[in-house]
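Data block below; observations after.
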2 protein chains.
Amino acid sequence: MAIAVRLQYNRSVSNPSRRRRDPEQTRTAIIAALLDAVHDGDFAPTTKALAQRAGVSERSIFVHFPTRDDLLIAATDLQSERVEALIVTADTSAPLGERVDAVVRQSAAIFALQRNPRVLGLLESSSVPAVDERMRLTDQRIRDGLGHMFTPELTRDGELDEELLDLVDATASWPLRHHLVERRSASEDDSSKALRRALLLLLS
Amino acid sequence: MAIAVRLQYNRSVSNPSRRRRDPEQTRTAIIAALLDAVHDGDFAPTTKALAQRAGVSERSIFVHFPTRDDLLIAATDLQSERVEALIVTADTSAPLGERVDAVVRQSAAIFALQRNPRVLGLLESSSVPAVDERMRLTDQRIRDGLGHMFTPELTRDGELDEELLDLVDATASWPLRHHLVERRSASEDDSSKALRRALLLLLS
């Protein structure tokens, strides 16, 4: 019995490769297929399903990723790059409302990518250190971005209010929006409206 | 390859039962063993490990829980009851600070139970409707309790401010504390202090 997230690497697969493709393309297609499956709520895709999604042979999955952790780590890397590409910056001299709007848009964009993958990532991070580290790095970059954007509001007596930044970070990031969307079935717009309100209350 | 949470029910187990016990006790011991394992961060216990933890035979797991979903649903039921037993009430005429303190203590107690199990629950709820329903019921009861305790602050022009209640709920519940503890390595006390501050900013 494995309760969670145990990729069963069935190495008995013997299909010949169906096509020749650049190895790097094949590798990327497999990673993207896993992320797509998880995005769609399939937390336990079979290698067969992944191969179909990626348009590669099942065997090539094992060639590129000798262990399940190799695939999970590669998927975490790609996902992290995608998330980090969505981090916005804003002039700290812009009005608070404008900066909050930018952050709320960022949070919506990142959540659209992360809604399901992050649940799997949180679970995997407890057993795969490289997944944990990569996720933490992205989380840190998001927090750093927020710290920069809200420097005027977060600085008291010349010192950054780390506690308030933590609250802003949790509010602007995955946790709060996930709760609103998953538990209150809030739409993207309603979640954004609620998060905007919370951020203004925290930062005013 | 199964990426997530596929209990592998290996029915070839043939050990005889090691002892006679009340069937209800055996059942409860198995459920509690699964919750303990997940609590300890083992999201993928084997039936062998579960049987050892529970002090029962591996075979008895399959007798009591013919499918993995049966066990997961039973574990969700027990966990939900434990969480609901921690929901506090407070006189709405008490000062806001006292009520916030009570809620922060509740959030710490529930988080001590839910830190890891909720991650697995969120993941399982996407594929096991009974897990999803039971978790939602508990979440609803927590939210209802908060709505009651903060009625004076949440009522505007005779109407409950549902959006603000959602924000208070997410702040007082698992999401924010999980982020602070997992991502910022905050202690229980520091998390409680931060959450208290956020709740006062939201409700004042």
Side-chain angles (χ1 to χ4, degrees), chain A residues 1-10 34 37-38 41-50 61 68 71-72 116 119-120 122-127 135-136 139-140 143 162-164 166-167 169-171 173-180 182-184 186 190 193-195 197-198 201-202 204, chain B residues 1-10 34 37-38 41-50 61 68 71-72 116 119-120 122-127 135-136 139-140 143 162-164 166-167 169-171 173-180 182-184 186 190 193-195 197-198 201-202 204:
Chain A
M1 173 196 294
I3 284 280
V5 192
R6 297 291 97 183
L7 257 175
Q8 284 112 55
Y9 256 60
N10 172 14
L34 173 57
V38 176
D42 180 3
F43 290 104
T46 61
T47 35
K48 196 176 162 193
L50 275 192
I61 295 178
R68 68 180 279 284
L71 176 53
L72 285 167
N116 285 328
V119 180
L120 186 59
L122 289 174
L123 198 139
E124 280 300 327
S125 64
S126 72
S127 58
M135 285 178 69
R136 282 178 191 281
D139 288 351
Q140 187 62 50
R143 186 178 183 275
E162 300 276 354
E163 184 185 80
L164 188 55
D166 283 341
L167 292 171
D169 178 35
T171 301
S173 305
W174 182 88
L176 236 85
R177 194 179 283 265
H178 185 264
H179 191 84
L180 295 173
E182 290 292 336
R183 280 307 175 245
R184 302 297 303 155
D190 286 346
K193 198 169 141 279
L195 294 182
R197 180 175 175 187
L201 285 169
L202 291 173
S204 293
Chain B
M1 171 195 292
I3 283 280
V5 192
R6 297 290 98 182
L7 257 175
Q8 286 113 55
Y9 256 59
N10 170 14
L34 172 57
V38 175
D42 180 3
F43 289 105
T46 60
T47 36
K48 197 177 161 191
L50 275 192
I61 295 178
R68 68 180 281 283
L71 176 54
L72 286 167
N116 285 328
V119 180
L120 186 58
L122 289 174
L123 197 139
E124 280 299 327
S125 64
S126 73
S127 58
M135 285 178 68
R136 282 179 192 279
D139 288 351
Q140 187 62 50
R143 186 178 183 275
E162 300 277 354
E163 183 184 80
L164 187 55
D166 283 340
L167 292 171
D169 179 35
T171 301
S173 305
W174 183 88
L176 238 84
R177 194 179 283 264
H178 186 263
H179 192 83
L180 295 173
E182 291 292 337
R183 280 307 175 245
R184 301 298 304 155
D190 285 347
K193 197 169 143 280
L195 294 182
R197 180 175 176 187
L201 285 169
L202 290 174
S204 293

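As the structure is a prediction and not an experimental result, all values here were calculated from the model. The sequence lines fix the lettering, A, B, ..., with proteins before strands; numbering per chain opens at 1.
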Self-check item: Best-contacting candidate, B/Gly41, B/Ala198, B/Ala194, B/Ser204, against chain A by heavy atom pairs under 4.5 angstrom
Solution: B/Ala194
Got [X] and [Y] here, is their nearest side-chain heavy-atom distance under 4.5 Å?
X	Y	answer
A/Arg184	A/Asp190	no
A/Phe43	B/Ser127	no
B/Val38	B/Leu34	yes
B/Leu176	B/Leu195	yes

Quiz item: Given that the side chain runs from C-beta out, which part of B/Asp139 has a heavy atom under 4.5 Å from chain A: side chain, backbone, both or neither?
Solution: side chain
Quiz item: Under a 4.5 Å heavy-atom cut-off, does chain A meet the side chain of B/Leu122, its backbone, both or neither?
Solution: both
Most contacts with chain B, counted as non-hydrogen pairs under 4.5 angstrom, among [options]:
options	answer
A/Ser125, A/Pro175, A/Ala186	A/Pro175
A/Leu201, A/Asn116, A/Leu202, A/Thr171	A/Leu201
A/Lys193, A/Glu162, A/His178	A/Lys193

Quiz prompt | chain B contact via A/Arg183 - which portion, at a heavy-atom distance below 4.5 Å | solution = both
Quiz item: So, for A/Arg136 and B/Glu182, which heavy atoms are closest and what is the spacing to 0.1 Å?
Solution: NH1-O, 2.8 Å
Quiz prompt | Minimal non-hydrogen separation, B/Ile61 against B/Thr47, with atom names | solution = CD1-O, 3.5 Å
